[in-house]
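Counting convention: from 1, in listed order, for ligands and their atoms alike. For the numbers below, each heavy atom of this structure counts, side chains included, while hydrogens, waters and symmetry mates do not.
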Amino acid sequence: MSNQDASKSDDAQNATSHNPTIMSDNDKYSYLNRLGITVWLNKKLGTTPVGIPTKQKTTSTAIPIDVEPKVQSQIKPKPVTNLEPTLEHTTTNIPADTDPTIPAATNTATTNNTGNNTTIAVSSTKSTLNWDELAIQVTQCQLCPELVADRTQTVFGTGNRQAKLLIIGEAPGEAEDEQGEPFVGRAGKLLDNILFAIGYKREDIYIANILKCRPPHNRNPSAEEAEHCQPWLTRQIELLNPQLILAVGAVPAQNLLKVKTPVGKLRNTIHKYGPKGIPLVVTYHPAYLLRAPGQKLEVWKDLQHIKKILS
Ligand code: URA
């Protein structure tokens, strides 16, 4: 996580609908170029691009065939007004001890970030909170003393609250901690280009992180911190009810799927998240792509799956 440059985006409320259609070669090259992927054309063989996954390859080999039709058929049009889904079912993806419907200990603190003596009681049950209540309560969370002491502010999440696509990252970095928005640094700019490659803008989607606070020196979130923060994200997912979750990097993928499997092995599959079995796809973190640009082509392949699911 090392994305510290600024590129602000608004908390847009109005969705732009997308109907990604089959892409022309020119569009494909333009998207790949924007991602920083060089396309070599074989002069002798005409326009056949080298190093680009063909349409057949990306759509048929990456998603296990027994998974794809099932998941596709489960995607229903999203009711715009359905902001308060009831929680009647649980699945193995959300362990009972972290289910937000089960009251946890009330989080009461006597100091805030600035050291003022204010008593804040954070509600123990988050499953009834609406977006605004949730956002306020996140600002008051004091569950992780080290993070609370170090943070400038909490980073709730941003984007379209009716989005079909939810991107989940790891935790705020320095720029995000300063600006109060996720993915505003260098990795955020690359994320914007990744979104562009599937025809989305920031204001079309919602972005959140596993942690709402910046871990000091951008260290990885501890298991305890991730557990403390989970009910906030769980409620965000319930409220958003996205058509697809994209977990970028190991921390979100492993925390959401409750596994320790490396990202490379979690890719190429449509996982299911939570009681509703929301399709979840895993790809590399943009900050990793900044360090390992050779993997961008792999992300391009993941994007094709995403586009297919969303269209
Ligand atoms: N990396 C993340 O995972 N999330 C952010 O918000 C910024 C960088």
Side-chain angles (χ1 to χ4, degrees), residues 1-12 35 134-135 138-139 141 144 147 150-161 163 165-195 200-223 225-230 232-234 236-237 240 242 245-257 262-264 266-267 273 280-293 295-296 299 302-303 306:
M1 192 177 28
S2 59
N3 50 332
Q4 317 302 352
D5 300 336
S7 71
K8 218 167 167 16
S9 74
D10 292 324
D11 189 1
L35 275 176
L134 191 69
V138 164
T139 66
C141 184
C144 308
L147 305 190
D150 209 54
R151 76 185 177 202
T152 307
Q153 58 192 310
T154 54
V155 178
F156 178 69
T158 190
N160 190 320
R161 291 176 179 178
L165 174 62
L166 168 63
I167 298 187
I168 303 182
E170 180 178 323
E174 190 180 3
E176 291 77 22
D177 173 72
E178 273 165 18
Q179 297 184 42
E181 277 190 34
F183 283 101
V184 290
R186 276 183 67 220
K189 289 204 173 112
L190 183 53
L191 183 64
D192 287 341
N193 287 337
I194 288 171
L195 288 173
Y200 280 76
K201 294 196 291 282
R202 242 184 213 234
E203 51 268 34
D204 302 325
I205 59 146
Y206 197 87
I207 311 181
N209 282 311
I210 291 293
L211 288 196
K212 307 294 184 214
C213 298
R214 181 193 180 199
H217 311 295
N218 297 348
R219 65 159 168 74
N220 277 352
S222 72
E225 288 160 355
E227 198 180 314
H228 284 164
C229 230
Q230 184 182 320
W232 304 125
L233 182 60
T234 302
Q236 282 176 302
I237 297 172
L240 190 68
I245 297 173
L246 174 62
V248 291
V251 169
Q254 293 171 353
N255 274 284
L256 293 167
L257 296 172
V263 172
L266 293 172
R267 292 177 56 240
Y273 174 83
L280 184 153
V281 172
V282 176
T283 195
Y284 294 117
H285 193 286
Y288 169 68
L289 294 181
L290 290 172
R291 298 192 301 274
Q295 297 291 1
K296 285 179 184 171
V299 173
D302 296 337
L303 295 177
I306 290 165

K.L.:
Side chains of Val263 and Tyr288: closer than 4.5 Å at any heavy-atom pair?
P.N.:
no
K.L.:
Does ligand 1 have an atom that lies less than 4.0 angstrom from a heavy atom of Glu181?
P.N.:
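Contact check Glu181 vs ligand 1: negative.
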K.L.:
If you count the atoms of ligand 1 from 1 in the order shown, which ones are under 4.0 Å from a heavy atom of Gly169?
P.N.:
3 (O)
K.L.:
Under the side-chain hydrogen bond (donor to acceptor under 3.5 Å, both in side chains) rule, collect the residues that match up with Asn209, sequence neighbours excluded.
P.N.:
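Asn209 satisfies side-chain hydrogen bond (donor to acceptor under 3.5 Å, both in side chains) with no residue once adjacent residues are dropped.
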K.L.:
One residue to check: Glu170. Relative to ligand 1, which of side chain, backbone, both or neither has a non-hydrogen atom less than 4.0 Å away?
P.N.:
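It is both backbone and side chain that touch ligand 1.
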K.L.:
State the atoms of ligand 1, each with its element, that fall below the 4.0 Å cut-off from a heavy-atom position in Ala171.
P.N.:
1 (N), 2 (C), 3 (O), 4 (N), 5 (C), 6 (O), 7 (C), 8 (C)
K.L.:
Would one find an N or O of Asn209, backbone or side chain, under 3.5 Å from an N or O of ligand 1?
P.N.:
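Yes, Asn209 has an N/O under 3.5 Å of an N/O on ligand 1.
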K.L.:
State the CD1-CG distance between Ile245 and Leu240, to the nearest 0.5 angstrom.
P.N.:
8.5 Å
K.L.:
Once you round to the nearest 0.5 Å, how far does CG of Leu246 lie from CG of Asp302?
P.N.:
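If I round to the nearest 0.5 Å, the distance is 8.0 Å.
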K.L.:
Considering the heavy atoms of Pro182, write down every atom of ligand 1 situated less than 4.0 Å from one of them.
P.N.:
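Near Pro182, the atoms of ligand 1 are 6 (O).
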K.L.:
Can you name the ring-ring contact (aromatic ring centres under 6.0 Å, His included) partners of Phe156, sequence neighbours left out?
P.N.:
none
